[in-house]
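I have placed the structure first, in the form of structure tokens, so that the comments after it can refer back to it.
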Amino acid sequence: MMSLTAARGPVEGFAVAWAGSNVSRVPESFDAEVTIRRQRFVNDENGFAVLDAERDGDEIVLVGPLIHLEAGERAHVKGVWVSDSRYGDQVKVSEAQPLAPRDSAAIIGYLRRIRNIGEKRAQALVKRFGEAEVFDAIDREPAAAFRGVGLNPFRAEEAAHSWNELRATRRLHMLLAPHGLAYLVKRLSDQYPATAHRVVTENPYELTRVYGVGFRVADRIAHAARADRGAEGEEIPGRVSAALVHTLSEAEGRGGSTCLPLARLLSAAGELLGETPPAEAVETLVEDGDLVRDGDWIYRRVTWELEQELAQRVAELIGPARGEKLRAIDGDADALSGGRDGALELTPEQRAGVLDAFSHRLSVITGGPGTGKTATIQTIARLAIEQGATVLLVAPTGRAARRMTEASGFQAKTVHSALGWVPGELPEHDEDAPLPCDLLIIDESSMANLELMVTLTRAVAHNAHVVLVGDADQLAPVGAGKPFADLVASEAVPTARLTHIFRQAAGSMIVQGAHAIRRGELPEFRPAEGMRHDLFLMERADPREALALIVELVAERLPRHYGVHPVNDIQVFAPVYRGDLGIDRLNRALRDRLNPLGQPVKGGRLRLGDKLMMTGRNLHELGLMNGTVLTLLDELGGGGPGADDDDAALLLSSEEQVFRLPPEASESLQLGYACSVHRGQGIELPVAVIVAHPAAGAFFLRREMLYTAITRAKLATVIVGTREVIARAARTPDTDSRYSRLGELLAAVASER
């Protein structure tokens with residue numbers, strides 16, 4: 001059998017090759033019982049696995065949705081033989097049903113997975129009840145069975161609980177595996193510890209609440225359950241309602257909208273259902289309180305309440321200043337100068353921003369790169385401190401907070417740290433326990449979504465001032481809403497728009513290019529006299545040549561020219577994940593070049609030394625946020641079956657911090673050599689490489705995305721692709737704009753003033 005290492009090194013390459021066009025099917029079905037010998041490759045996200053198995057003494061390779069099968073297990077496998085030009089014959093699996101172990105070794109191996117049951121007690125259980133009856137005997141009275149082999153009552157109860165979990169998990173496997181969904185078992189067990197099996201069989205649309213389970217997956221399970229009961233063709237209760245609610249949830253999570261027009265909601269839900277649902281279905285959900293209708297707009301109730309609350313809180317903050325510590329400043333005062341030493345002269349727009357911060361409880365400062373936002377923050381903070389006020393500086397991400405600290409000279413915190421907030425739990429600071437400051441300055445405010453902005457404004461003391469600082473032209477935040485852009489557009493809040501580009505920044509082609517993109521124009525890539533040549537375009541029409549160039553730039557040319565580290569100091573940005581120049585393909589190519597010899601962990605999906613990124617979730621208890629860049633240092637602890645795995649963890653580092661990540665959270669780690677612009681919105685580092693190529697989802701590259709990406713670098717930005725794609729992105733604002741009515745609500749507030 002061909003060695004994977006000899007063929008392409010890491011097993012990741014094997015899985016990719018299997019999915020490629022070089023596989024040709026042999027028209028021969030496979031239907032047999034097999035014994036699993038080892039896992040070659042597993043993907044926790046989609047359940048795909050490559051397994052070595054044995055059938056009647058012959059070794060075979062299985063590929064497909066097989067993550068639920070472990071070494072030593074028996075399974076009834078159905079599929080078809082395929083032949084890969086590099087890896088030989090394999091079975092592409094369509095169905096894999098786990099089978100109860102039947103020989104003594106397999107039974108003992110299964111029993112050893114029970115907490116507190118090792119080799120000797122597993123053997124004692126088999127001897128006591130017999131191979132044929134041992135599982136049924138334990139099922140009848142688990143705790144008694146375990147006490148019978150020497151466990152004290154407490155440890156026997158622990159073992160009984162472990163057994164029940166194991167059997168419940170087994171039932172879930174049996175239910176989901178035939179449909180290629182066994183990879184969902186752990187997520188469902190975590191979400192519904194005691195009722196997962198019943199939820200799947202009785203109310204599968206409830207599963208859309210679980211991360212990674214979309215409506216189509218839940219719908220597949222529901223139809224399969226119907227078929228199992230011989231009820232095909234009957235209407236499934238709750239299906240239409242689930243599609244409508246899920247459509248709104250997806251509009252929030254993926255599209256960033258707080259609401260949808262009724263017609264758009266019905267059309268999008270119809271794509272899931274196969275036919276447009278009646279408007280009466282929406283009215284029913286409104287009557288039940290799940291949704292809210294406001295004119296022609298439909299909301300999930302919780303999101304409607306948040307949007308209404310933020311509009312109300314902004315209205316309360318707009319009134320005249322009433323701070324006990326902050327006093328209005330004379331516009332002609334000599335103190336109105338910027339910089340750490342107070343020696344920089346402020347522009348009229350900056351001066352207006354400073355005056356607004358002291359004259360109004362809520363004010364906004366917006367501007368592009370090089371327009372002096374940081375100097376304005378410095379001046380406001382310095383003058384407030386001179387008045388005896390307490391100042392708190394915050395930013396949405398740890399990286400942005402550190403950058404704010406370095407640039408302003410004042411210590412900054414993350415929003416979550418300042419609030420003492422772990423989403424899903426109540427923050428330490430709210431209306432009843434406001435933040436202990438007289439002035440709250442929020443930098444990178446464009447990154448704050450609706451929920452974050454509401455949570456912040458709840459914690460503002462009744463006499464405190466708030467200054468929101470950001471760039472309204474950057475990408476909208478991850479999550480529902482775009483409150484900063486809405487505040488700027490509404491003109492309801494005193495707003496200083498910084499437009500003057502200071503001389504030092506004006507000499508940067510990155511800064512000039514960014515401002516050209518804001519205007520919808522193609523950046524200039526030829527340096528004029530006196531300009532700092534830090535923005536480059538390297539055109540490659542052929543995707544393979546472009547990929548080779550990106551790898552060469554990151555691995556060799558840019559580190560050599562700028563004296564930077566290829567992993568820590570360079571970030572590649574691309575618009576989409578799939579395709580010849582998508583993020584997934586880029587990550588594999590860059591990893592193969594930058595970390596070719598890293599020891600595989602987690603079934604080969606990750607390697608020691610990999611550059612990784614947290615995706616899809618925040619682990620606030622560890623200080624790990626969505627988008628955090630990490631390096632995988634080691635895989636720690638964890639014994640075999642039945643062992644205490646409390647010490648098992650992945651050891652990761654990020655900017656001189658070390659984290660221990662529980663194994664179950666590893667599914668949130670993805671390769672981070674390349675990432676989306678949304679994921680890297682808070683990143684600022686020496687060098688950025690941007691993919692702007694027809695083979696990299698050119699349609700999805702829009703003005704805001706290109707503008708944000710180009711400003712991530714301090715030393716140099718290199719764009720690899722074509723001039724046509726860049727020009728199209730610059731002149732194309734995000735037409736798939738998120739729906740939000742906050743601006744409308746705020747404009748109404750302004751008209752009443």
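Atoms considered below: every heavy atom in the structure, side chains included; atoms not considered: hydrogens, waters and symmetry mates.
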Minimal non-hydrogen separation, Ser654 against Leu630, with atom names: CB-CD2, 3.5 Å
Is the number of heavy atoms from other residues, nucleotides or ligands within 6.0 Å of CG (Asp580) greater than 12? no
How far does CD of Glu635 sit from CD of Gln599, to the nearest 0.5 angstrom? 8.0 Å
What are the two closest non-hydrogen atoms of Ala122 and Ile117, and how far apart are they? N-CG2, 3.8 Å
Run the salt bridge (Lys or Arg N to Asp or Glu O under 4.0 Å) check on Asp219 and Arg239 step by step: do they pass? CA-CA 8 Å; Asp219 203 37; Arg239 183 170 184 259; 2.8 Å; yes
Determine yes or no for a side-chain-to-main-chain donor-acceptor pair under 3.5 angstrom, with Tyr673 supplying the side chain and Lys611 the backbone. yes
More than 12 heavy atoms of other residues, nucleotides or ligands under 6.0 Å from CD of Glu33: is that the case? yes
Could you list the residues that satisfy ring-ring contact (aromatic ring centres under 6.0 Å, His included) with Phe215, not counting sequence neighbours? Tyr205
Answer yes or no: are there more than 12 heavy-atom neighbours, outside Phe700 itself, under 6.0 Å from its atom CZ? no
Identify the heavy atoms of Pro543 and Leu581 that sit nearest to each other, and give their distance. O-CD2, 3.8 Å
Criterion side-chain contact (heavy atoms from CB on, under 4.5 Å) on His76 and Asp31, from CA distance to verdict: CA-CA 7 Å; His76 185 183; Asp31 186 344; 2.5 Å; yes
Check against side-chain contact (heavy atoms from CB on, under 4.5 Å), Cys675 and Phe573: CA-CA 5 Å; Cys675 70; Phe573 297 99; 3.8 Å; yes
In this structure, NE2 of His246 is separated from CZ of Arg216 (nearest 0.5 Å) by 8.5 Å
Distance check, rounded to the nearest 0.5 Å: Arg591 atom CZ versus Leu671 atom CG? 4.5 Å
Quick one: does Glu119's side chain get under 4.5 Å of Ile108's, heavy atoms only? yes
Can you tell me how far the CZ atom of Arg679 sits from the CE atom of Met613, to the nearest 0.5 Å? 7.5 Å
Would you name the heavy atoms of Tyr577 and Ser676 that are closest together and state the gap between them? OH-OG, 4.0 Å
Are Thr208 and Val245 close enough that some pair of their side-chain heavy atoms sits under 4.5 Å apart? no
Under 3.5 Å: donor-acceptor pair, side chain of Ser653, backbone of Val658: no
Begin from the C-alpha positions of Leu632 and Arg607 and carry the test side-chain contact (heavy atoms from CB on, under 4.5 Å) through to its verdict. CA-CA 7 Å; Leu632 179 54; Arg607 300 181 194 168; 5.9 Å; no
Rounded to the nearest 0.5 Å, what's the gap from CG on Leu51 to OG1 on Thr35? Could you check? 12.0 Å
I need the minimum non-hydrogen distance between Asn595 and Gly609, along with the two atoms involved. ND2-C, 3.4 Å
Closest contact, heavy atoms only, Ala674 versus Asn587: N-OD1, 2.8 Å
Under 3.5 Å, which donor-acceptor pairs link side chains of residues 145-160 to any protein atom two or more places apart or in another chain?
unit_1: Asn152; atom_1: OD1; unit_2: Phe154; atom_2: N; d: 3.1
unit_1: Asn152; atom_1: OD1; unit_2: Arg155; atom_2: N; d: 2.7
unit_1: Glu158; atom_1: OE1; unit_2: Asn116; atom_2: ND2; d: 3.0

Stepwise side-chain contact (heavy atoms from CB on, under 4.5 Å) test for Leu111 and Trp163: CA-CA 9 Å; Leu111 293 174; Trp163 170 260; 4.1 Å; yes
Please determine whether the number of non-hydrogen atoms from other residues, nucleotides or ligands lying under 6.0 Å from atom NE2 of His565 exceeds 12. yes
Under 3.5 Å donor-acceptor, Lys92 side chain and Val82 backbone: no
Calculate, to the nearest 0.5 Å, the distance between atoms OG1 and CG belonging to Thr631 and Asp610 respectively. 9.0 Å
